[in-house]
Amino acid sequence: MEQLNIQSMRLNDETNLPSIGFGTVKVKGAQGVVSTLTAIEAGYRLIDTSTNYNNEGMVGEAVRRSSVPREELLVSSKLPGASHDYERAILMIQESLYRIGIDYFDKYLIHWPLPKQDQYVEAWQALVDAQKFGLIKTIGVSNFLPEHLERIIEETGVTPATNQIERHPYFNNNELVEYNKSRGIVTEAWSPLGRELNDVLENETIVSIAKKYNKQPAQIIIRWNLQNDILTVVKSSNYAHQKANLDVFDFELTEEDLRQIDSLDKGEAGRVEGQHPNEYEEFD
Ligand SMILES: NC(=O)C1=CN([C@@H]2O[C@H](COP(=O)(O)OP(=O)(O)OC[C@H]3O[C@@H](n4cnc5c(N)ncnc54)[C@H](OP(=O)(O)O)[C@@H]3O)[C@@H](O)[C@H]2O)C=CC1
Ligand SMILES: O=C(O)C(=O)[C@@H](O)[C@H](O)C(=O)CO
């Protein structure tokens, strides 16, 4: 078992999280259990799932089969839009815990604000209460824009600990990252490697920075997040990639490297299609 010293991040509720988490989109079934177990073997301790991924049972199986004790694994899931209603949200959190076979979440997020549905404030109140009931350690949101954050903070008095948002070099989302920071909210980056939908791992700027440090392009992107105090949630079913994505603590990018990566941003054109938080709808 790898004994890695993954740098941790302090949240506004005083908890600490590893700065790199294991993403599980499309990590499913028996093969998913194997991939999650190899990720744990590689050193990941934070596992990111969602009811919408239809793999919470798989995550539970990996947690049970792992030789790492449950208390050392941090399990994070997300509330689907169909359960934004307060009562449904509480029941969904309980149901997700049963599906995974654990009795608390280390972290739990509202997956999308779905502003047209307009129930995210009561969903947030449910997370606040579920935390008081002991069902969740750290509560946060995902894909929330400043207007959504301001509303939940004003109406409940509770600021999320994290906001998990789209961020990769072609869509760096820097304004939202800065806004999160101004509110004391840690940003988590989803699809940091562009989710196979773009060529960011072959981008010549990224490749040339990678060559300079004898690192892989993926490691440069993860390091760029780290040096911006951003928690990276990265998926890989390949053990070599899983290990490489954690091997990012022995070098440091210069200010010029960071600036060059920031300059790759394409604004809205770089966003993964159909993922604007005010437009995204859940169909699952
Ligand atoms: N809150 C939200 O709305 C969202 C959350 N997420 C979360 O973020 C996680 C990460 O995002 P995801 O969309 O999965 O995509 P990523 O950006 O993490 O990219 C995953 C892809 O990159 C490949 N890859 C991983 N490591 C390397 C490497 N070192 N070198 C080359 N290729 C590599 C993987 O292939 P291989 O498996 O072969 O290594 C896979 O094809 C998700 O799994 C999920 O947990 C994602 C989207 C939205
Ligand atoms: O992966 C997630 O967490 C999402 O919410 C979506 O981005 C999802 O991946 C999607 O794109 C479904 O079309």
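Remember, it's 1-based here, ligands and their atoms both numbered in the order they're listed. Everything numeric in this text was worked out from a predicted model, so none of it was measured.
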Is [X] salt-bridged to [Y], going by a charged N under 4.0 Å from an acidic O?
X    : Y    : value
E147 : R151 : no
E188 : R167 : no
D13  : K107 : no

I need the atoms of ligand 2 closer than 4.0 Å to a non-hydrogen atom of [X], numbered in the order shown.
X    : result
V25  : 1 (O)
Y53  : 1 (O), 2 (C), 3 (O)
Q275 : 6 (C), 7 (O), 10 (C), 11 (O)

Just to be sure I read this right, does ligand 1 sit under 4.0 Å from the backbone of [X], its side chain, both, or neither, counting only heavy atoms?
X    : result
L109 : neither
T49  : neither
S191 : both
A218 : side chain
N143 : side chain
Q219 : neither
H168 : neither

Ligand 1 N/O within reach of [X] N/O, cut-off under 3.5 Å:
X    : value
L193 : yes
A244 : no
K78  : no
V234 : no

Can you pull out the closest protein heavy atom to [atom]? Residue, atom name and distance to 0.1 Å, please.
atom                    : value
atom 8 (C) of ligand 2  : Y280 OH, 3.8 Å
atom 45 (O) of ligand 1 : D48 OD2, 2.7 Å
atom 25 (C) of ligand 1 : K235 O, 3.2 Å

Fill in: Which segment of R195 sits under 4.0 Å of ligand 2 when only heavy atoms are counted
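It is the side chain that gets close, since no backbone atom is under 4.0 Å.
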
Practice prompt. State, yes or no, whether a side-chain contact exists between F105 and T49 at a heavy-atom distance under 4.5 Å.
Written response: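 Contact flag for F105/T49 side chains = no.
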
Item to complete: Say whether D257 and W224, considering side chains only, have a donor N or O and an acceptor N or O under 3.5 Å apart.
Response: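 Per modelled atom types, D257 and W224 side chains form no pair under 3.5 Å.
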
Worksheet item: Of the listed options (Y239, Y53, W112, Y280), which comes nearest to atom 6 (N) of ligand 1 when hydrogens are ignored and any heavy atom counts?
Response: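 Nearest option to atom 6 (N) of ligand 1, by heavy atoms: Y53.
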
Worksheet entry | Contact (N/O only, under 3.5 Å) between H111 and ligand 2 |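 For ligand 2, there is an N or O atom that lies under 3.5 Å from one belonging to H111.
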
